[in-house]
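Here's the structure, in structure tokens; my notes come after.
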Amino acid sequence: MLHVEIIPVLGDNYSYLLHDPVDGDTAVIDPAEAEPVLAVLKTKGWGLDYVLNTHHHGDHTAGNLELRVRTGCRIAGAQADKQRIPGLDTPLSEGDTLVLGSMVIRVLEVPGHTRAHLAFWLPEEKSLFSGDTLFSLGCGRLFEGTAAQMWSSLLKLANLPGDTQVYCAHEYTEANGRFALSVEPGNAALLEKLQQVKKLRAQGLPSVPFTLADELAANPFLRPHSAEIRANLGLQRASDAQVFTELRRRKDQFNA
Ligand code: ZN
Ligand code: FE
């Protein structure tokens with residue numbers, strides 16, 4: 001049984017420690033900083049076998065080299081980002097499987113936020129680490145990919161089992177919720193989700209993990225088929241990809 005330790009880092013990032021209590025294997029996903037990860041490893045008495053990076057941005061990789069020096073871990077990330085991920089020694093691509101103790105980690109390529117963004121899926125543990133691709137009630141900004149790429153990446157994640165627990169890399173849920181409400185104010189599942197998130201955040205608790213099924217009901221970026229969203233955007237006859245593209249464009253302006 002996989003144990004996931006949530007480590008809040010920087011202002012609103014999450015790093016995650018994955019630990020197999022039987023074999024003792026441990027990996028960290030997206031170490032923005034080394035020290036908070038080392039502190040948890042020390043408290044728990046765990047070593048570190050792997051760093052797994054979803055993408056090359058500094059708020060996901062800046063702890064890589066220090067962690068390798070201190071623990072001797074390997075560093076895994078997208079083959080296509082070999083030049084941009086500090087210390088990468090285990091290049092990964094679509095369909096690759098990493099076995100860590102009893103943990104089976106499947107690699108999914110989900111470009112859009114960056115051109116070589118990965119997600120890590122543990123089918124047996126019903127867990128998904130989505131990086132900056134799928135957020136709760138939102139999705140990542142398009143820095144290097146197109147809206148069409150991001151839409152097909154989100155579809156790939158949305159098609160995983162509904163009871164999958166999703167761990168994303170940022171605590172953006174409340175801000176995302178304000179945009180979601182602006183485009184689909186009549187969505188009861190969204191309103192309920194916002195109440196839950198408000199409670200969690202008021203107690204200083206993370207809004208992760210969340211299930212894919214809940215996101216499908218509430219996240220506008222997974223709901224371009226929604227009649228209410230389409231009516232609000234004036235895009236009744238557009239394709240899902242076109243509605244997604246317009247949602248992403250409006251979200252960028254909403255934040256500005
Ligand atoms: Zn990023
Ligand atoms: Fe990020």
Side-chain angles (χ1 to χ4, degrees), residues 4-18 27-37 51-67 75-88 91-94 107-121 127-154 156-157 166-179 197 201 206-210 215 219 221-222 244 247-249 251-252 254-256:
V4 180
E5 197 72 26
I6 301 174
I7 308 176
V9 285
L10 306 178
D12 55 25
N13 279 74
Y14 290 125
S15 298
Y16 297 106
L17 272 178
L18 280 55
V28 64
I29 304 216
D30 287 350
E33 301 178 285
E35 285 308 327
V37 176
V51 163
L52 304 177
N53 295 128
T54 61
H55 64 295
H56 74 285
H57 286 157
D59 62 320
H60 303 256
T61 59
N64 281 13
L65 296 179
E66 175 76 12
L67 285 172
I75 298 174
Q79 155 116 53
D81 268 341
K82 217 171 172 0
Q83 308 306 320
R84 302 199 293 183
I85 292 180
L88 190 144
L92 302 172
S93 16
E94 174 76 27
V107 176
L108 306 174
E109 288 179 357
V110 285
H113 178 68
T114 64
R115 61 170 192 249
H117 194 296
L118 302 179
F120 300 108
W121 178 39
S127 298
L128 173 72
F129 296 85
S130 62
D132 287 359
T133 298
L134 175 63
F135 294 129
S136 186
L137 302 181
C139 73
R141 280 173 179 266
L142 305 176
F143 285 117
E144 297 177 359
T146 63
Q149 274 178 328
M150 182 58 113
W151 173 236
S152 64
S153 293
L154 289 175
K156 189 188 271 190
L157 301 183
V166 185
Y167 297 81
C168 62
H170 287 273
E171 181 59 63
Y172 289 160
T173 315
E174 282 191 303
N176 287 340
R178 287 190 280 279
F179 174 75
V197 170
R201 298 303 295 148
S207 64
V208 291
F210 47 91
E215 282 304 297
N219 184 336
F221 293 97
L222 299 181
F244 170 80
L247 281 168
R248 188 57 262 180
R249 195 186 68 78
K251 175 66 162 52
D252 289 340
F254 194 82
N255 280 346

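First listed ligand is number 1; within each ligand, the first listed atom is number 1.
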>> Which of the protein's N, O or S atoms come within less than 2.8 Å of the Fe ion (ligand 2), not counting waters?
In response: Asp59 OD2, His60 NE2, Asp132 OD2, His170 NE2
>> Less than 4.5 Å apart, side chain to side chain, heavy atoms only: is that true for Val166 and Phe129?
In response: no
> Excluding waters, how many protein N/O/S atoms sit closer than 2.8 Å to the Zn ion (ligand 1)?
Replying inline: 4
> ring-ring contact (aromatic ring centres under 6.0 Å, His included) with His60: which of His117, His113, His170?
Replying inline: His170
> How about Glu109 and Ser93: does a side-chain donor come under 3.5 Å of a side-chain acceptor?
Replying inline: no
> Partners of Tyr14 by ring pair (Phe, Tyr, Trp, His ring centres under 6.0 Å), sequence neighbours excluded?
Replying inline: none
> When His55 is tested against each of Asp81, Thr114, Asp30, Asp132 for side-chain hydrogen bond (donor to acceptor under 3.5 Å, both in side chains), which residue passes?
Replying inline: Asp132
> Side chains of Arg178 and Phe254: does their closest heavy-atom pair fall under 4.5 Å?
Replying inline: yes
>> Tell me whether Glu94 is salt-bridged to Lys156, with the criterion being a basic N under 4.0 Å from an acidic carboxylate O.
In response: yes
> Yes or no on side chain to side chain donor-acceptor pair (under 3.5 Å) for Glu215 and Ser136, after CA distance, side-chain angles and deciding distance?
Replying inline: CA-CA 7 Å; Glu215 282 304 297; Ser136 186; 3.0 Å; yes
> Can you list the residues that meet the side-chain contact (heavy atoms from CB on, under 4.5 Å) rule with Glu35, with sequence neighbours excluded?
Replying inline: Leu38, Glu66, Arg70
